[in-house]
Colleague: 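Sending over a structure as structure tokens; questions will come in a sec.
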2 protein chains.
Amino acid sequence: MEFDQLAEALKALGDPTRLKIVALLQTRDCCVCELVPMFGISQPAISKHMSRLKTSGLVKETRKGMWVFYSLNRERLNEIGLSLANLPDLSEELRQLEQKGMLVQCE
Amino acid sequence: MEFDQLAEALKALGDPTRLKIVALLQTRDCCVCELVPMFGISQPAISKHMSRLKTSGLVKETRKGMWVFYSLNRERLNEIGLSLANLPDLSEELRQLEQKGMLVQCE
DNA sequence: AGACTACATAACCGTATGGTTATATTGTTT
DNA sequence: AAACAATATAACCATACGGTTATGTAGTCT
């Protein structure tokens, strides 16, 4: 995964409310009206959080009558964790920069 | 790890520049003056990024003469990855909320 | 059709963020 | 001591963020 995309995903997870929502969705799917009383913030606030989680691929929505059920995209969450545990090796880029003299080796 | 603390760490990683710095530090320690030309942003900008990474425990600094070498705290990075892969199970909290009737079970 | 419910979107607001330039601060060198 | 180099801090700025209230939209139920 590219840095920009991974950073975007990490930023989506880097909010306590969204992080807890993701944890909740591990247990079971939830609709917005369930999440509102849990977090004590307004319905639009929850909607925006869900929208952001959806944009970064962490959550899928399923319309069911009036309700919109959000479910966790476990593969995506797993992928982010793996990317974080396995960040790209930039030693080659470092070597090239050093060769071009663009990199001062301090010490 | 608590949600707030983990979210804080994820937010620290949720910036492309900082994420790439962390990846670079996997290869070798760097001082600020090396990072500046790599990213094409100002020295204070790099300093602030390093400060933030240090605050969230992802990076350690070692003063060596004029330079400050930053090194990756691999344990910390690992810990964050593990926390993300192993988010708390909130099923008990969900159950309690349902018992109190504070949670509408939709459908 | 009309009222109601769940959700999304819009407009707004205070604060955080990521950058800048200017100015300490600290160590090195002559 | 004076000049210089590397880093940090301060002050500032535009944009992003996380919340709010108000309003639109779509499905449900008499």
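Residue numbers begin at 1 in each chain, while the letters A, B, ... track the order of the sequences.
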Colleague: Using only heavy-atom distances, decide whether a donor-acceptor pair under 3.5 angstrom links the side-chain of A:Q43 to the base of C:dA8.
Modeller: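 Looking at the base of C:dA8, it does pair with a donor or acceptor on the side chain of A:Q43 (distance under 3.5 Å).
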
Colleague: Between A:E98 and B:R28, is there a salt bridge with N-O shorter than 4.0 Å?
Modeller: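 Judged by the 4.0 Å cut-off on N to carboxylate O distance, B:R28 and A:E98 do form a salt bridge.
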
Colleague: Grab the NZ-P distance between A:K11 and C:dA16 for me, whole Å please.
Modeller: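 After rounding, the reported distance stands at 16 Å.
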
Colleague: Of all the choices, C:dA8, C:dA22, D:dG18, which nucleotide is nearest to the side chain of A:E61 once you look at every atom?
Modeller: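 Taking heavy atoms from C-beta onward, the closest nucleotide is C:dA8.
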
Colleague: Does A:R63 put a side-chain nitrogen or oxygen below 4.0 Å from OP1 or OP2 of C:dC7?
Modeller: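 For C:dC7, neither OP1 nor OP2 has a side-chain N or O of A:R63 closer than 4.0 Å.
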
Colleague: Find every protein N or O atom lying less than 3.5 Å from an N or O atom of nucleotides 3-6 of chain C, and list the pairs.
Modeller:
none

Colleague: Specify the separation, in whole Å, of atom CD1 of A:I46 and atom P of C:dC7.
Modeller: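 Atom-to-atom, A:I46 to C:dC7, this comes out as 11 Å.
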
Colleague: What nucleic acid atoms does A:Y70 come within less than 4.0 Å of, heavy atoms only: base, sugar-phosphate, or nothing?
Modeller: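 Sugar-phosphate, no base atom in range.
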
Colleague: Kindly write out the residues that satisfy side-chain hydrogen bond (donor to acceptor under 3.5 Å, both in side chains) with B:K60, not counting sequence neighbours, or none if the list is empty.
Modeller: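 Checked B:K60 against side-chain hydrogen bond (donor to acceptor under 3.5 Å, both in side chains); zero matches.
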
Colleague: May I ask you to decide whether A:K20 forms a salt bridge with B:E2, counting only side-chain N to carboxylate O separations under 4.0 Å?
Modeller: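 Looking at A:K20 and B:E2, the cut-off is not met.
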
Colleague: Of the nucleotides C:dA8, C:dG18, D:dG19, which has the atom closest to the A:K48 side chain?
Modeller: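 Closest nucleotide among those given: D:dG19.
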
Colleague: Output the rounded distance in Å from CZ (A:R18) to P (D:dG19).
Modeller: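 From A:R18 CZ to D:dG19 P: 8 Å.
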
